[in-house]
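Step one of this worksheet: look at the structure below.
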Amino acid sequence: MLVNNAGIAGPTAKVEDIRPEDWDRCIAVDLNGMFYCTRKAMPLIKAAGGGSIINLSSAAGRLAFPMRTPYSAAKWAIVGFTESLAAEAGPDKVRVNCIQPGIVEGERIERVIAAKAKGLGSSEEEVRRRMLEGVSLRTTIPPQDIANMALYLATAPGRHISGQAISVCGGTRYLV
């Protein structure tokens, strides 16, 4: 089993204000890192007779995310990578899925909220309120919920699931 979970938030700015090196770094960590890890793990997973690869995308991999284009672009690409790899690796009994978390509780989202508030000239409380308005359940996601989905996909209950982008997001309809 492989869980590709490395990622960074990347810059928060309008596209014309993003430095190319910041774009490159976000794509390198969030997308290229997944490719390199998968490339090295695939022969081992095949030799074991199959298994599961779980890629972490984001709700930003299915929705627009203004002022976060590098991050969103990488997370959309992860969905394509997942679906293509699932079709390629399925005959070798390798299941490939991705999880698209919503607003996951913790320090990382607090940094994202602070950066977004600064970029919008708004308060952090206002950004948090607007973010939660875009979630049907009006809730953040505990990290354990993401771990539970990964466990399900990696074990026998998820043995017939492959090529899927599964949202664990409380019904996120839009991102701020």
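Counting from 1, the numbers follow the sequence of the chain as shown.
- Counting only heavy atoms from C-beta outward, the side chains of I53 and M42 approach each other to under 4.5 Å.
- For E88 (side chain) and A86 (main-chain N/O), no donor-acceptor pair under 3.5 Å exists by modelled atom type.
- Considering all non-hydrogen atoms of both residues, C26 and G10 come closest at SG-CA, 3.9 Å.
- With contacts defined as side-chain heavy-atom distances shorter than 4.5 Å, the pair I146/V104 qualifies.
- Remark: the Q100 side chain and the S58 side chain contain no N/O donor-acceptor pair separated by less than 3.5 Å.
- When all heavy atoms of N97 and G163 are compared, the pair lying nearest together is OD1-N, 3.3 Å.
- Taking all atoms of both residues into account, the shortest heavy-atom contact from A9 to Y71 is O-CB, 3.4 Å.
- I27 and A74 get closest at one heavy-atom pair: CD1-CB, 3.9 Å.
- Remark: E107 CD is loosely packed, at most 12 non-hydrogen atoms of other residues, nucleotides or ligands lying under 6.0 Å away.
- Residue pairs meeting the side-chain hydrogen bond (donor to acceptor under 3.5 Å, both in side chains) criterion with at least one member in residues 150-160: none, sequence neighbours excluded.
- Cluster partners of L137 are absent, since no Ile, Leu, Val, Met, Phe, Trp or Tyr has side-chain heavy atoms less than 4.5 Å from it.
- Side-chain contact between T69 and W23: present, with at least one pair of heavy atoms (C-beta onward) separated by less than 4.5 Å.
- Sorted by first and then second residue, the pairs that involve residues 25-41 and meet side-chain hydrogen bond (donor to acceptor under 3.5 Å, both in side chains), not counting sequence neighbours, are N4-T38.
- Tracing side-chain contacts under 4.5 Å through hydrophobic residues (I, L, V, M, F, W, Y), one never reaches M149 starting from M34; they form parts of separate clusters.
- Closest approach of V79 to G61, counting heavy atoms only: CG2-O, 3.8 Å.
- The side chain to side chain contact (heavy atoms under 4.5 Å, CB included) check on V3 picks up M1, N5, I54, L56, with sequence neighbours excluded.
- Partners of D22 under the salt bridge (Lys or Arg N to Asp or Glu O under 4.0 Å) rule, at least two apart in sequence or in another chain, are R19.
- Looking only at side-chain heavy atoms (C-beta outward), R62 and T172 come within less than 4.5 Å of each other.
- Considering only residues two or more places apart in sequence or on other chains, S136 meets the side chain to side chain donor-acceptor pair (under 3.5 Å) condition with R173.
- Residues L2 and I78 are members of one and the same hydrophobic cluster, defined by side-chain heavy-atom contacts under 4.5 angstrom among Ile, Leu, Val, Met, Phe, Trp and Tyr.
- Expressed to the nearest 0.5 Å, how far CZ of R95 lies from CD1 of I161 amounts to 8.0 Å.
- Counting heavy atoms from C-beta on, the side chains of V94 and S52 never come closer than 4.5 Å.
- Residues forming a salt bridge (Lys or Arg N to Asp or Glu O under 4.0 Å) with E133 (at least two apart in sequence, or on another chain): R129.
- With sequence neighbours excluded, the residues that form a side chain to side chain contact (heavy atoms under 4.5 Å, CB included) with W76 are S72.
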Quiz prompt | side chain to side chain contact (heavy atoms under 4.5 Å, CB included) between R68 and K116, worked out | solution = CA-CA 9 Å; R68 301 292 308 286; K116 185 66 91 149; 4.1 Å; yes
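- A heavy-atom distance below 4.5 Å is not found between the side chains of P101 and C169.
- A distance of 11.5 Å separates CD1 in I18 from CG in D24, rounded to the nearest 0.5 Å.
- For the residue pair V96 and L85, the shortest heavy atom distance occurs at CG2-CG, 3.9 Å.
- A distance of 8.0 Å separates CD1 in I166 from SG in C98, rounded to the nearest 0.5 Å.
- If you chain together ILVMFWY residues whose side-chain heavy atoms come under 4.5 Å of each other, I109 ends up grouped with M67, I103, V112, I113, L120, V127, M131, L132, V135, Y174, V176.
- Take A115 and apply the side chain to side chain contact (heavy atoms under 4.5 Å, CB included) test, not counting sequence neighbours, and it matches T12.
- With sequence neighbours excluded, the residues satisfying salt bridge (Lys or Arg N to Asp or Glu O under 4.0 Å) with D92 are K46.
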Exercise. Under the salt bridge (Lys or Arg N to Asp or Glu O under 4.0 Å) rule, what do R111 and E124 come out as? Steps first, then yes or no, please.
Key: CA-CA 10 Å; R111 290 190 305 272; E124 291 180 28; over 6 Å; no
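- Rounding to the nearest 0.5 angstrom, the gap separating the CG atom in N55 from the OG1 atom in T82 is 4.0 Å.
- In this structure E125 satisfies the side chain to side chain contact (heavy atoms under 4.5 Å, CB included) test together with S123, sequence neighbours excluded.
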